Amino acid sequence: MSQHAMWMTFRSITADPSVKETKLKPGTVKRILSYGKAYRRYLVFFLATVVVDAFLIVSTPLLLRKLIDDGVLPKDSGLVTQLALAVGALAVLDAIMNVIGRWFSARIGEGLIYDLRSEVFAHVQKQSIAFFTRTQTGALISRINSDVMGAQQAFTATLSGIVSNVISLTLVTIAMLFLSWQITLFSLALLPLFLLPTKWVGRKIQSLTRESFEVNAQMSSTMTERFNVSGALLVALYGKNSTEKEFFRSRARKVADIGIQLALLNRLFFIALTSVAAIATAFAYGIGGHLAISGSITVGTMIAITALLARLYGPLTALSNIRIDVMTSLVSFERVFEVLDLKPMVESKAGAIDLAPSKPKIQFKTVDFSYPKADEISLASLEGIATREVVDSGEILRKLSFTVEPGTMTALVGPSGAGKTTISALIPRLYDVTDGSIEINGIDIREYDLESLRMNIGVVMQDAHLFHETIEENLKYAKPDATLAEMEEACRSAQIWTLIASLPQGLSTMVGERGHRLSGGEKQRLAIARLLLKSPSLVILDEATAHLDSENEDLVQIALKNALLGRTSIVIAHRLSTVMDADQILVIRDGAVAEKGRHEELIGAGGIYSDLFSRQDLTAR
């Protein structure tokens, strides 16, 4: 049996048999076939090479029979030479067919992987923020990697395996029956001897493979949690190197132990295959030898039938597990479809209009909002849980109404959990309101194209996120075609250019994971520079100076004044001293506007704002 045949048999035998019981959704197979339409020409050529290869498998032993019976035994050297060359030519043709088939297989497989990954990635990017607050990143990445890889095998390994094995088995069986029905029937009777040890080893390998996935996931999780800046910092401040070392070694040891068992069982599997095939071949030689001596068959027939025998058991074993192979691929497709079928909570409506880049007027009109439930935004299989949570967040905002005039600054203040950040998340439609409406320039924001709406909004949060790229790439995320002059101007306005210019690599400096090579104030100013490059008509600042020291806060405040100049803005602040100059201050409590006015008016009113300001003023003193 060839190495490829043994590998295909191994893959089939060790597949998880539980997939046989999986119930597919109606229309799944038809949907899967639609992905193959773009590659139907490649599939035709690929299957053609598989069919040709199957015929070549039978042709070589039959040529050997003729070479021995008609060439060697009659001592016809000319015929021997011709047939030997023919066998060699078939070997070359077989190699060529394998290379061509592999090219088509790779073209189809990698093309499908590319299509599916691109589609899943683009679809996931459309999901609301609520989706990402619940989904396990590792589970989502697994769908894009492992399940997509498994799905593409439906059109490559599984399909080619079925076609190749069916044709090979049919041709080999017919040829063997034609040559000697006695040896053929005896060989088929030995099939259970071939299947039983492989099935037993296969079950053992299935169990260990599942356990291997689990312990590898645990080890990977340990490394992921500790091999980032935050995790490394926690270990450095609270952990012990010896404890961490032993903890990791214990998990790595489990991986190693299972790896040793798998290696042994894998070798045992291949030894079992080759040994049983060798025993069957020995019996065939024995029976064939006696039949040749008695004159029932020729010597060439005996050689040919034993050569064909080696090509009999592999296809039989693989086809005995055909349902598992097919279902494994189909289930992978269905897991991918599960993500693709998850409808985004927030998306542009048909016929949406563009938002013109001008100073917008914002109106909240009796807005109610509750955070969506788990079954509305995610999948249990992506959250690492068996059952859904049924906890209701309750109403976060209640009949909230206020207006932000064009070109003015509105400050949102109040206790934690009052709903300030929720308000800022509703404007760019990270979530949609439960009831009521939010209008920009007199039009419900749900009427605007989502991308157009967000292009007109710039946000700076208290923990600015930076990608593990250069300063230039992080800036260009807001404006990909930004020139060096535009980036310098934005950085100067954000009070960060002096620092960038002092760095040896300037704008080409890597900021590190999440920007950890920069201080908090430097990250904030870089985020403001990115906002200035975007040049939005509406700016939202969510605690942009909450965790900064006085020196960095002063620089950030100067940068923020430049960012807010001439723009409509909404600023969330705990430090009331930073919003004293706001055109209006809204005190948010329990999801509603409790007080509204300018700083002096609210201080004079002696209400919630006055009390908050007095306490902060006393603390500052």
Side-chain angles (χ1 to χ4, degrees), residues 356-360 404 406-411 424 427-428 454-467 469-512 514-515 517-573 575 577-583:
S358 60
K359 297 178 184 178
V404 179
T408 64
M409 171 180 160
T410 295
S424 71
I427 298 171
R454 291 176 179 174
M455 285 301 295
N456 281 276
I457 300 173
V459 181
V460 177
M461 308 183 77
Q462 65 182 25
D463 183 21
H465 185 87
L466 299 176
F467 291 117
E469 299 285 353
T470 63
I471 292 174
E472 181 177 351
E473 290 300 319
N474 274 284
L475 289 172
K476 283 188 172 182
Y477 197 73
K479 187 180 181 183
D481 59 348
T483 64
L484 287 174
E486 288 173 329
M487 287 188 282
E488 181 178 345
E489 182 182 355
C491 290
R492 286 189 185 278
S493 297
Q495 309 298 305
I496 192 69
W497 181 252
T498 302
L499 170 70
I500 294 173
S502 69
L503 297 172
Q505 293 178 297
L507 288 169
S508 299
T509 302
M510 296 292 292
V511 300
R514 295 182 60 84
R517 292 184 185 178
L518 304 176
S519 69
E522 290 163 354
K523 284 170 61 178
Q524 288 297 81
R525 282 179 278 153
L526 193 58
I528 294 168
R530 183 167 58 189
L531 179 144
L532 289 169
L533 266 180
K534 186 178 184 181
S535 191
S537 53
L538 170 62
V539 174
I540 299 173
L541 305 178
D542 188 355
E543 303 285 358
T545 62
H547 303 309
L548 303 181
D549 56 47
S550 57
E551 181 180 352
N552 269 306
E553 184 179 359
D554 290 341
L555 289 170
V556 171
Q557 286 292 355
I558 296 170
L560 289 175
K561 284 182 180 178
N562 293 327
L564 301 180
L565 190 63
R567 294 183 171 94
T568 305
S569 59
I570 295 176
V571 179
I572 300 172
R575 296 185 190 179
S577 60
T578 62
V579 294
M580 290 168 57
D581 296 331
D583 296 292

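We number each residue from 1, following the sequence as shown. The shown structure was predicted, so the numbers you read here are calculated from the model rather than taken from an experiment.
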Pairing residues for Thr470 by the side chain to side chain contact (heavy atoms under 4.5 Å, CB included) criterion, not counting sequence neighbours: Glu472, Glu473, Met510

Between CG on residue Leu503 and CZ on residue Arg517, distance to nearest 0.5 Å: 11.0 Å

Derivation and outcome, side-chain contact (heavy atoms from CB on, under 4.5 Å), residues Ile572 and Ser424: CA-CA 8 Å; Ile572 300 172; Ser424 71; 3.8 Å; yes

Residue of the set Ile528, Leu564, Ile457 for which side-chain contact (heavy atoms from CB on, under 4.5 Å) holds with Val539: Leu564

Any side-chain heavy-atom pair of Pro360 and Ser537 under 4.5 Å: yes

Contacts of Lys479 that satisfy side-chain hydrogen bond (donor to acceptor under 3.5 Å, both in side chains) - sequence neighbours left out: Glu486

Test log, rule side-chain contact (heavy atoms from CB on, under 4.5 Å), inputs Thr410 and Thr568: CA-CA 8 Å; Thr410 295; Thr568 305; over 6 Å; no

CG on Leu518 to CZ on Arg525, rounded to 0.5 Å: 9.5 Å

CG-CG distance between Leu526 and Leu531, expressed to the nearest 0.5 angstrom: 11.5 Å

From CD1 (Ile427) to CZ (Arg454), nearest 0.5 Å: 13.0 Å

Sidechain-backbone polar pair: Thr408 side chain, Asp583 backbone, donor-acceptor under 3.5 Å: no

Gap between atom CG of Leu538 and atom OG of Ser569 - 0.5 Å precision: 8.0 Å

Pair Val404-Ile570, side-chain contact (heavy atoms from CB on, under 4.5 Å): steps then yes or no: CA-CA 8 Å; Val404 179; Ile570 295 176; 4.3 Å; yes

Compile the donor-acceptor pairs under 3.5 Å between side chains in residues 487-500 and protein atoms, sequence neighbours left out, one pair per line.
residue	atom	partner	partner atom	Å
Glu488	OE2	Arg492	NE	3.0
Glu488	OE2	Arg492	NH2	2.7
Ser493	OG	Glu489	O	3.2
Gln495	NE2	Arg492	O	3.3

Any donor-acceptor pair under 3.5 Å from Arg567 side chain to Pro536 backbone: yes

Nearest non-hydrogen partners of Leu475 and Ala529, listed with the distance: CD2-CB, 3.9 Å

Derivation and outcome, side-chain contact (heavy atoms from CB on, under 4.5 Å), residues Val579 and Met409: CA-CA 9 Å; Val579 294; Met409 171 180 160; 4.0 Å; yes

Shortest non-hydrogen contact between Gly506 and Ile471, atoms and distance: O-CD1, 3.9 Å

Whether Ser535 side chain and Leu532 backbone form a donor-acceptor pair below 3.5 Å: no

Side-chain heavy-atom pair Leu507, Leu484 within 4.5 angstrom cut-off: yes

Rounded distance [0.5 Å steps], CG in Leu541 versus CD in Gln524: 9.5 Å

